[in-house]
Enquirer: 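Structure provided below as structure tokens; questions to follow.
Note on naming: letters A, B, ... go to the chains in the order of the sequence lines (proteins, then strands), and numbering restarts at 1 for each one.
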Amino acid sequence: MQEVIITINPEGKVKVAVNGVKGKACRDLTAVLEKALGQAHTKLTSDYSLPPDKAHLTNKSGG
Amino acid sequence: MSHVTLIDLEVHDLSALRATCDELGLELCEGQKTFKWFGRHMGDYAIPEGFTKADMGKCDHVIKVKGNPNAYEIGVVKRRDGKPGYILMWDFWQGGYGLQAAVGKGCHKLCQQYAAKVTAKQAQALIAKGFSQHKSVNAQGEIILRYTK
């Protein structure tokens, strides 16, 4: 399952967490949202360095 | 998990700010160049980067509390530190005579609701990609927007 969780605390600070999306696609998924909200400080997790799913690769090469 | 981003909120989107004001009983007066405050900077708080005492009370847009003509107002001012967007300036002396009750201490209530509004607007792109949205508020008062596919 792909999941994006955005938490906005009572002071207006925002945390964006992306789960289950491997590779660069995870950054692409929320890049516009993060830019619209303000100054972002990003921590990449272990999934980021994994290759995208095979289906995703097929779509890219096919498209 | 793929990535986690912490974001220091900046005000970029005037239409989202207007919609937030409508929800909180405020009015965004676009193009109004001065806002109501004490009128004299007492030197007890720092002036934002790029501004001087002479700039206090001047702005690009104003946020007013509807139905309270005595309340101080919020100046929406284009940033002068090289970053895009606006900063919010307001005078919180005596709670801004009703302003703080409407926007929260430190303008936090306004900022939280604005962030939620911008998030919901930008997340339309996620919904278009097949994500479903679920919104909740937890015991700590955090707004949680969860998108899953």
Enquirer: With heavy-atom distances below 4.5 Å as the criterion, would you say the side chains of B:Phe131 and A:Leu29 are in contact?
Expert: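 B:Phe131 vs A:Leu29: side chains touch.
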Enquirer: Is any side-chain heavy atom of B:His3 closer than 4.5 Å to one of A:Glu34?
Expert: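 Yes, close enough: below the 4.5 Å cut-off.
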Enquirer: Looking at B:Gln112 and A:Ile8, would you say the former's side chain and the latter's main chain have a donor-acceptor pair under 3.5 Å?
Expert: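 Side chain of B:Gln112 to backbone of A:Ile8, a donor-acceptor pair under 3.5 Å: yes, one is there.
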Enquirer: Between CD of B:Glu142 and CD of A:Glu11, what distance do you get to the nearest 0.5 Å?
Expert: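 Answer for the CD-CD pair, B:Glu142 versus A:Glu11, is 9.0 Å.
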Enquirer: Between B:Val4 and A:Lys15, is a side-chain contact (heavy atoms from CB on, under 4.5 Å) present by the stated rule, with each step listed?
Expert: CA-CA 7 Å; B:Val4 175; A:Lys15 182 171 86 171; 3.9 Å; yes
Enquirer: Do any of residues 68-93 of chain B have a heavy atom less than 4.5 Å from a heavy atom of chain A, and if so, which, in residue order?
Expert: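 Interface residues of residues 68-93 of chain B: B:Lys83.
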Enquirer: Out of B:Ala115, B:Gly104, B:Gly106, B:Cys107, which one racks up the most heavy-atom pairs below 4.5 Å with chain A?
Expert: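 Among the listed options, the one with the most contacts to chain A is B:Ala115.
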Enquirer: Would a single hydrophobic cluster contain both A:Val18 and B:Ile144, if residues Ile, Leu, Val, Met, Phe, Trp and Tyr are joined by side-chain heavy-atom contacts under 4.5 Å?
Expert: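 B:Ile144 and A:Val18: separate clusters.
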Enquirer: So which of B:Asp13, B:Thr119, B:Leu126, B:Val137 has the biggest tally of heavy-atom pairs under 4.5 Å with chain A?
Expert: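 Of the candidates given, the most pairs with chain A belong to B:Thr119.
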Enquirer: Are A:Ile6 and A:Val32 connected in the hydrophobic side-chain network, where two residues link if heavy atoms are under 4.5 Å apart?
Expert: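 As far as the 4.5 Å side-chain criterion goes, A:Val32 and A:Ile6 are not connected within one cluster.
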Enquirer: Taking NZ in B:Lys66 as the centre, count heavy atoms belonging to other residues, nucleotides or ligands within less than 6.0 Å. Is the count above 12?
Expert: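 Check passes, neighbour count above 12.
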Enquirer: Heavy-atom cut-off 4.5 Å, strictly under: side chain, backbone, both or neither for B:Lys121 against chain A?
Expert: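 It is neither, since no heavy atom gets under 4.5 Å.
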Enquirer: Is B:Lys149 atom NZ crowded by more than 12 heavy atoms from other residues, nucleotides or ligands, each under 6.0 Å away?
Expert: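 More than 12 heavy atoms, drawn from other residues, nucleotides or ligands, come within 6.0 Å of this atom.
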Enquirer: Among residues two or more places apart or on two chains, list those pairs meeting salt bridge (charged side-chain N to carboxylate O under 4.0 Å, His left out) that have a residue in residues 32-42 of chain B.
Expert: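 The answer is B:Lys33-B:Asp60.
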Enquirer: Within this structure, what is the CZ-CD distance for the pair B:Arg146 and A:Glu3, rounded to the nearest 0.5 Å?
Expert: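 Interatomic distance, B:Arg146 CZ to A:Glu3 CD, rounded to 0.5 Å: 4.0 Å.
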Enquirer: Compare every heavy atom of B:His108 with every heavy atom of A:Pro10, then report the nearest pair and how far apart it is.
Expert: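 Nearest heavy atoms, A:Pro10 then B:His108: O-CB, 3.2 Å.
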Enquirer: Between A:Lys13 and B:Leu6, is any pair of side-chain heavy atoms under 4.5 Å apart?
Expert: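 They are not in contact (no side-chain heavy atoms under 4.5 Å apart), so the answer is no.
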Enquirer: My understanding is that only one of B:Asp8, B:Ile7, B:Thr5 makes a side chain to side chain contact (heavy atoms under 4.5 Å, CB included) with A:His41; could you say which?
Expert: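 Option passing the side chain to side chain contact (heavy atoms under 4.5 Å, CB included) with A:His41: B:Asp8.
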Enquirer: Out of curiosity, A:Thr7 OG1 to B:Ile143 CD1, how far, rounded to the nearest 0.5 Å?
Expert: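 That separation rounds to 10.5 Å.
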Enquirer: With clusters defined by side-chain heavy atoms of hydrophobic residues (ILVMFWY) lying less than 4.5 Å apart, directly or transitively, does B:Ile127 cluster with A:Ile5?
Expert: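 Different hydrophobic clusters.
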